[in-house]
Amino acid sequence: GGEAQQKEGTGRGTGLGEWDGIEDEGEPDSSRGLPGKAFVFRHGDHCWNGPARSLRVTLFCSVEEKLSEVDEPTTCEYVMKFGTPAACDLGHQEGLVLDMEESPVG
């Protein structure tokens, strides 16, 4: 399994959790590019006077892989949104590509 790390400088970093699988995340909505899945990491380094760190990565459809948001809604429990073509159904991905081709670059 893998591990999620927060790295600063050249040190080991802080363990945000170990891979714990894929879970449902709300209702899938292919028209909005939301597959309804999240990657879950649990049992990370313990916070001082708090729980073990954890990370939940919600997936959304994107023509390229990109991190769009990172938040800590409760102490040492992190959430992030990650865009990837792997989260797209074919029709939604083709629509994104067409939008990019037609949009003026400014």
Side chain to side chain, [X] and [Y], heavy atoms closer than 4.5 Å:
| X | Y | answer |
| --- | --- | --- |
| Lys66 | Phe82 | no |
| Thr58 | Met80 | no |
| Phe41 | Tyr78 | no |
| Arg53 | Cys47 | yes |

As an exercise, state the distance from CG of Leu59 to SG of Cys88, rounded to the nearest 0.5 Å. 10.5 Å
Nearest-0.5 Å distance, CH2 of residue Trp19 to CG of residue Leu55: 10.5 Å
Any salt bridge (Lys or Arg N to Asp or Glu O under 4.0 Å) involving residues 71-81? Give me the pairs, sequence neighbours left out, ordered by first then second residue. Glu69-Lys81
Could you work out, with ring pair (Phe, Tyr, Trp, His ring centres under 6.0 Å) as the rule, every residue matching Phe60, not counting sequence neighbours? none
Would you please name every residue forming a side-chain hydrogen bond (donor to acceptor under 3.5 Å, both in side chains) with Asn49, sequence neighbours left out? none
Between Arg42 and Asp20, does at least one N-O distance fall below 4.0 Å, as a salt bridge requires? yes
Name all residues meeting the side-chain contact (heavy atoms from CB on, under 4.5 Å) criterion together with Arg56; count only those two or more places apart in sequence or in a different chain, and write none if there are none. Glu23, Glu25, Ala38, Val40, Val79
